[in-house]
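These notes are about the structure you will find just below.
Below, chain A is the first sequence line, B the second, and so on; all start at residue 1. Since the structure is predicted, the reported quantities are computational estimates derived from the model, not experimental observations.
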Amino acid sequence: MWTLARKILLHDRVKFAVAAAGVSVSVLLVLVQIGLYFGFMQNASSLIDNAGADFWIAGEGNENFDFAGAIDERTYYRVAQIPGVERAERMLLAFGIFKLTNGGTQGVEVVGIERGATLMKPWHVVAGEAWRTREADGVVVDRTEFPKLLLKGVGDRSEVTGARARVVALTDGIRSFTTSPFLFTNLDSARAYTRLAASQFHYVLVKAAPGVDHAELLARLGRIPHAAAYDAATFSARTRSYWSERTGVGAGFFTTAMMGVIVGLVVVGQILYNGTLEHVREYGTLKAMGTKNRTIVGIILYQALISSVLGFVVGGGLAMAAREGMRAANLNVVLMPSLLAATGLLTVVMCMLASCLSIVKVLRLDPATVFKG
Amino acid sequence: MQPPVSASGFSAPGDRASLGKPAPLVELSRVGKIYGSGEGTVHALVDADLRVYAGEVLLIEGPSGSGKTTLLSILGLLLRPTTGEITVAGDRVTHLGEKALPAIRARNFGFIFQGFNLFEALTALENVALATKLKNASVSDPFGDAKRLLTMVGLGDRMHHTPGALSGGQKQRVAIARALGGSPRVILGDEPTAALDSKTGLAVMELLRALAKEENRAVVVVTHDHRLERFADRVVQVEDGMVQPAAEPNSTGSGP
């Protein structure tokens, strides 16, 4: 039975290749689009996810992580005095103008951290010494941003919003959602780069003391006037949610991914349906001979399964290749195992749905028609 | 040879002899078929009586649109009659639901067609083995059965060829072998020689007649070709939905 299904499907290799190509393109579109989405979302919350803070304190009513309203030293001291807080660090996150060697400028997202910070500091350091951000004009940039910043390596000098900057270390793979390169430096330099007042910054990062009940501490932090407190996981999700939902980015990616699914549905559906029409007399003959409907439906579903498996393997391979190619273009495509598994399942479901027309055709096929003409 | 009594309950030749009158494998009693309603009503078949016996070749003849195909479809349980009764192997089947009919068809009927209706993607052996397997899921060696059937119809040396590599006559022999899969007692053919040249067509009819006589099967063939009458034990004429009575056979075989 399965041999029959496979042979009928493979008999016309050109048509089968078209069907498999349709599924492959669909899988490629879905994986790349959703992988890109997850990549952007990973970038959106990367600072939060890679910080060692248990809680984040932001200004009241702050909606967007990257465009935060400033808070002042009073908030910082209030946080630091709350029982159960082991460590509190200030962090600044604002935009500055990086001067390029060719005379142009490039917007950068300045990350100001405490000298001797432990809760927020550059990670994935691949060259130089990140601790030197405590020096007056020391900055850390990501080497994948070199093309934007026209930098060559550690020791390069430039200006950010008119203030001097010197590259003291490089990271690899720390990229922002806004596409403006991150630039880590100390709080004072950061204020100079962003023209922020001396007592101002944007976040307080909090490490809870060992044994402290996090829920109770969060409640206490939440009572600080003119501030909002979040645990790290909630703050990360909130940040990703802002970019995904408020800006329509998520809808855009998923719309394209769904278009991929629709393309797959149409192509596979048409190929399977045409195949069924071409063999309708043979299927009618099988029914006349006493074959049950479920047997013939099984043949069609098996053909759909073959198309989906082959299409997924080819499409998945193409997506892997695309991920490497897009990495060179500084685009982060995240293809985690759960996404691959979900897409595999989606592909099978898509192909099964695509076979519905064929199944309906066969179920409605009157075996008496085999005697007509 | 087939066993004296099949699983479906067909009477064996010995039983008929003891009763003095053959028991029909299939019997239609006052069967009518109406298509459409109101002014568009078509009486495709009117009060048809017909008995089909083991070991006979029965030809159904008539002009186009006379009701031959409707009669054949009802005989093969592919079409439900509007009125009348159908008995298969002594059992009334008219009242049975749609789900019960495929199993009865699989046990009792084999079909051959003008256009062969073979799967082009499968070899002759696979086409026949598939039918054998589908009709009898418990068969232990469908390929072994298929080889035997293909050898029986003279295609022992062509069984690994796909239909595209076979002549029309060879394709029809594959279709006949396929129809024999599962050992049905009644073979129904719809113009099985129409797509063949006359020499090949006659050879196919010779094969069908041999199957009827040597395997004690009933062969019912719809045809326009009067030359095939010499292979028949009985000829039934159908005209305007009316089946002309045919003489009941006294014995199996009065053909060429």
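- B:R105 contributes no side-chain N or O that, together with a main-chain N or O of A:T291, makes up a donor-acceptor pair within less than 3.5 Å.
- Taking CG of B:L122 as the start and NE2 of A:H11 as the end, the distance is 9.0 Å to the nearest 0.5 Å.
- Side-chain contact between B:R178 and A:M289 is present, with at least one heavy-atom pair separated by less than 4.5 Å.
- With a threshold of 4.5 angstrom between heavy atoms, B:L101 does not approach chain A through any atom at all.
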### Query
So B:F113 and A:T285, side chain to side chain contact (heavy atoms under 4.5 Å, CB included) or not? Walk me through it.
CA-CA 9 Å; B:F113 310 94; A:T285 303; 3.4 Å; yes

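- For the atom pair CG of B:N127 and CD of A:E282, the computed distance is 8.5 Å after rounding to the nearest 0.5 Å.
- Considering only heavy-atom pairs separated by less than 4.5 Å from chain A, the leading option among B:A106, B:G182, B:G181 is B:A106.
- Within 6.0 Å of CG in B:D141 there are more than 12 heavy atoms belonging to other residues, nucleotides or ligands.
- Here the closest heavy-atom approach between residue B:L79 and residue A:A368 is recorded as CD1-CB, 4.2 Å.
- The contact between B:E120 and chain A is made by backbone and side chain atoms together, counting heavy-atom distances below 4.5 Å.
- Within 6.0 Å of CE in A:M336 there are more than 12 heavy atoms belonging to other residues, nucleotides or ligands.
- In this structure, chain B has a heavy atom under 4.5 Å from the side chain of A:L286, while its backbone stays farther away.
- The shortest distance between side-chain heavy atoms of B:F119 and A:I8 falls below 4.5 Å.
- For B:M242, the CE atom sits in a loose shell: 12 or fewer heavy atoms of surrounding residues, nucleotides or ligands are nearer than 6.0 Å.
- Rounding to the nearest 0.5 Å places OG1 of B:T162 at 9.5 Å from NZ of A:K7.
- Closest approach of B:L78 to A:D366, counting heavy atoms only: O-OD1, 3.9 Å.
- B:E239 CD: 12 or fewer foreign heavy atoms inside a 6.0 Å radius.
- B:N117 and A:R281 make their closest contact through OD1-NE, 3.4 Å (heavy atoms, listed as atom of the first residue, atom of the second, distance).
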